[in-house]
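The structure appears below as structure tokens.
Sequential numbering from 1 along the given sequence is applied to the chain's residues. All figures in this text were calculated on a predicted structure; none of them were measured in a lab. Just follow the structure's listing: the first ligand is 1, and inside any ligand the first atom is 1.
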Amino acid sequence: MKKAIYPGSFDPVTLGHLDIIERSAKLVDHLIVGVLNNKAKTPLFSVDERVNMLKEVTKHIPNVEVLSFSGLLVEFAKEHEVNAIIRGLRAVTDFEYELAMSQTNKVAAPSIDTVFLNTSLEYAYLSSSIVKEMAMYHGDISKFVPEYVIDKVNEKYNASNN
Ligand SMILES: O=C(O)c1ccc2[nH]nc(Br)c2c1
């Protein structure tokens, strides 16, 4: 059984992330979407909120499981006996960091390879940070995130403006 993990912060999940998830799920028997609970950062959404949004927007994909994790990705990957870590590459600028991370992870877990998927061109510019910046200034984010996520993001900024 081929298992992979697609890790990220997903703060919030974007259409770019969902594109990678849908395509990755076709490549393996089971895909874990791993939501990083990074205590060093202050995300807009709690880890539970991010997990719940991902569960909702991936419920149409039967072989996808959404889990959160703290600490090292490779330890979580070993614990779940995955064969591969999947990462999306939007542009050349992503590659330097991703290459360093994949090489580090390979040393830490030689049995686990990192597999890169090119982000679809329509989402190559997209990031969670851009979505949050647009929403902060009440821009239209409907082309950037799944429909279920639109209101969740806007509520965060409408609440903070009151
Ligand atoms: O949203 C982000 O910050 C982010 C970062 C890096 C990324 N690579 N592929 C995708 Br989709 C992607 C998204």
Side-chain angles (χ1 to χ4, degrees), residues 4-28 31-61 63-74 76-77 82-106 112-137 139-157:
I5 180 169
Y6 175 47
S9 300
F10 306 109
D11 185 42
V13 55
T14 70
L15 290 177
H17 294 132
L18 186 55
D19 176 65
I20 297 286
I21 292 168
E22 290 174 337
R23 290 161 51 200
S24 300
K26 294 173 183 170
L27 301 176
V28 295
L31 178 70
I32 295 171
V33 178
V35 183
L36 179 59
N37 184 19
N38 184 341
K39 297 179 173 59
K41 290 187 178 178
T42 311
L44 178 65
F45 292 96
S46 70
V47 66
D48 288 344
E49 287 173 319
R50 287 177 277 148
V51 167
N52 290 337
M53 283 189 284
L54 272 159
K55 283 182 176 177
E56 178 64 28
V57 303
T58 61
K59 64 185 180 183
H60 62 291
I61 314 170
N63 64 327
V64 165
E65 177 183 19
V66 182
L67 297 172
S68 64
F69 71 99
S70 303
L72 285 175
L73 169 60
V74 284
F76 183 73
V82 304
N83 306 94
I85 296 164
I86 293 178
R87 294 288 289 170
L89 290 176
R90 296 168 298 180
V92 170
T93 46
D94 280 343
F95 187 62
E96 184 174 6
Y97 170 80
E98 294 295 343
L99 180 63
M101 288 305 297
S102 67
Q103 289 171 328
T104 305
N105 289 337
K106 183 70 174 173
I112 301 174
D113 275 305
T114 297
V115 176
F116 295 115
L117 293 186
N118 291 345
T119 310
S120 294
L121 286 177
E122 63 191 300
Y123 305 124
Y125 66 93
L126 195 50
S127 69
S128 299
S129 301
I130 283 176
V131 168
K132 289 181 281 192
E133 182 127 8
M134 281 287 283
M136 184 185 298
Y137 295 101
D140 177 6
I141 60 172
S142 61
K143 293 184 175 63
F144 306 143
V145 297
E147 187 172 359
Y148 178 80
V149 174
I150 298 170
D151 288 346
K152 300 294 184 188
V153 174
N154 289 332
E155 282 161 18
K156 286 288 184 183
Y157 290 104

- [ ] Indicate whether the side chain of Ser68 and that of Asn37 have a donor and an acceptor atom separated by less than 3.5 Å.
- [x] no
Open item on the list: Polar contacts were defined as any N/O atom of the residue lying under 3.5 Å from an N/O atom of the ligand; does this apply to Leu126 and ligand 1?
Closed with: no
- [ ] Locate the shortest heavy-atom distance separating Ile141 from Met134; write the atom from each residue and the value.
- [x] CG2-CB, 3.8 Å
Open item on the list: Could you tell me, atom by atom, which parts of ligand 1 come under 4.0 Å of a heavy atom of Ser127?
Closed with: 1 (O), 2 (C), 3 (O)
TODO: Could you tell me the separation between the CD1 atom of Ile86 and the CD1 atom of Ile20, rounded to the nearest 0.5 Å?
DONE: 8.5 Å
Open item on the list: Please list the nearest protein heavy atom to atom 1 (O) of ligand 1 with its residue and the distance rounded to 0.1 Å.
Closed with: Ser128 N, 2.9 Å
Task: For atom 8 (N) of ligand 1, the protein heavy atom that lies nearest, with its residue and separation - done: Gly88 O, 2.7 Å
Task: Heavy atom of Thr119, distance to ligand 1 below 4.0 Å - done: yes
Open item on the list: Counting only heavy atoms not in Glu133 (residues, nucleotides, ligands), do more than 12 fall under 6.0 Å from its CD?
Closed with: no
Open item on the list: Can you check which of His17, Lys132, Arg90 brings a heavy atom nearest to atom 6 (C) of ligand 1?
Closed with: Arg90
Open item on the list: Exactly one of His17, Met53, Glu49, Arg50 should register a side-chain contact (heavy atoms from CB on, under 4.5 Å) with Pro12. Which one does?
Closed with: Met53
